[in-house]
Structure formats: structure tokens, C-alpha cells
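These notes are about the structure you will find just below.
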Amino acid sequence: MSDKGPLEIEMAGVRFYSPQDELYFFTWLKNIGSVSSVFGQGRAIYAVLDRDELTFDDALEFISLFRRYLIPLTGLRRLDVPKISKRFSDPRAFWHSEVFGAASD
């Protein structure tokens with residue numbers, strides 16, 4: 001994975017239960033600081049992030065958004081960039097196994 005340029009996060013098969021639910025999803029997504037644009041293709045939604053603007057707090061917002069809308073957290077592996085990697089990939093974090101898989105013994 002390149003350490004330069006934007007990151008794209010894919011959210012496939014997101015299910016909305018009302019027009020207001022959809023509005024809240026997109027409002028939340030677009031208010032994450034590092035998100036520069038959002039677009040759809042087929043049944044997937046893509047968030048384009050400015051890698052240089054990505055913060056650990058942004059990663060926490062994505063974790064929350066993905067959990068709320070039942071999107072598999074494995075799609076967030078791309079957030080493991082050098083700037084936030086130490087905290088984001090901490091094996092003690094409650095999201096670690098959902099993002100990176102279970103640790104092998």
C-alpha cells in the first residue's frame with residue numbers, strides 16, 4: 001500500500017431503514033475530518049480520505065460508523081497508516097480482532 005495520496009474506504013451493502021437514517025449516515029461520514037469526498041458505485045459507498053489529515057479520532061469515528069451500520073470492520077485496515085498506526089493497530093484495542101483478524105498463537 002502506498003504511503004502517499006488519498007485513501008479510499010469501501011462500504012458495501014450498507015442498509016438504511018428510512019430516509020432519515022440514510023441522511024444521518026452521510027452527514028456523519030462527511031463530517032469526519034479527513035473525508036474529502038464520498039461517492040457511490042453499484043451497491044458500494046466510497047469515502048475518499050486525505051491521508052495527511054487522517055487522525056486517530058477520525059479512525060474512531062469510522063469504527064463507530066461501521067459498527068452502527070453493521071459494516072465489517074475489516075474494511076478499515078487501510079486506516080493503518082504510519083501517523084496513527086501505533087494506537088490504531090494496538091492489539092489491546094477492542095476493535096483489533098475485527099479489523100485485523102484474530103492473533104495467531
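In what follows, every heavy atom counts, from backbone to side chain, and hydrogens, waters and symmetry copies are set aside.
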From [X] [atom1] over to [Y] [atom2], what is the distance, rounded to the nearest 0.5 angstrom?
X: R15; Y: I71; atom1: CZ; atom2: CD1; result: 13.5 Å
X: E8; Y: Q41; atom1: CD; atom2: CD; result: 8.5 Å
X: I45; Y: L29; atom1: CD1; atom2: CG; result: 7.5 Å

Q) Applying the 4.5 Å side-chain criterion to the ILVMFWY set and letting contacts propagate, would W28 and L23 be lumped into a single cluster? A) no
Q: Would you kindly confirm whether F94 and L70 end up in one hydrophobic cluster when ILVMFWY residues are joined by side chain heavy atoms under 4.5 Å apart?
A: no
Q: Report the relative orientation of the aromatic rings in F16 and F26; use parallel for angles under 30°, tilted for 30 to 60°, perpendicular for over 60°.
A: tilted
If you look at every heavy atom in [X] and [Y], which pair is closest and at what distance?
X: G33; Y: D58; value: N-OD1, 3.5 Å
X: I9; Y: M11; value: O-CE, 3.7 Å
X: L54; Y: L79; value: CD2-O, 3.8 Å

Q. Can the ring centroids of F25 and Y17 be said to lie less than 6.0 angstrom from one another?
A. no
Q.
I'd like to know if R78 and E10 make a salt bridge, using a cut-off of under 4.0 Å between side-chain N and carboxylate O.
A. no
Using only atom types and a distance under 3.5 Å, with no angle test, would you say the side chain of [X] pairs donor to acceptor with the backbone of [Y]?
X: S34; Y: D50; result: no
X: R51; Y: L7; result: no
X: W95; Y: F88; result: yes
X: K83; Y: T55; result: no
X: R77; Y: V99; result: yes

Could you check if a side-chain atom of [X] sits within less than 4.5 angstrom of a side-chain atom of [Y], using non-hydrogen atoms only?
X: Y46; Y: S37; value: no
X: P72; Y: F66; value: no
X: D90; Y: H96; value: no
X: E61; Y: N31; value: no
X: L73; Y: I63; value: yes

Q | Full working for side-chain contact (heavy atoms from CB on, under 4.5 Å) between L65 and R68 | A | CA-CA 5 Å; L65 183 77; R68 162 62 184 87; 5.8 Å; no
Q: Verify the neighbour count for atom OH of Y24: are there more than 12 heavy atoms of other residues, nucleotides or ligands below 6.0 Å?
A: no
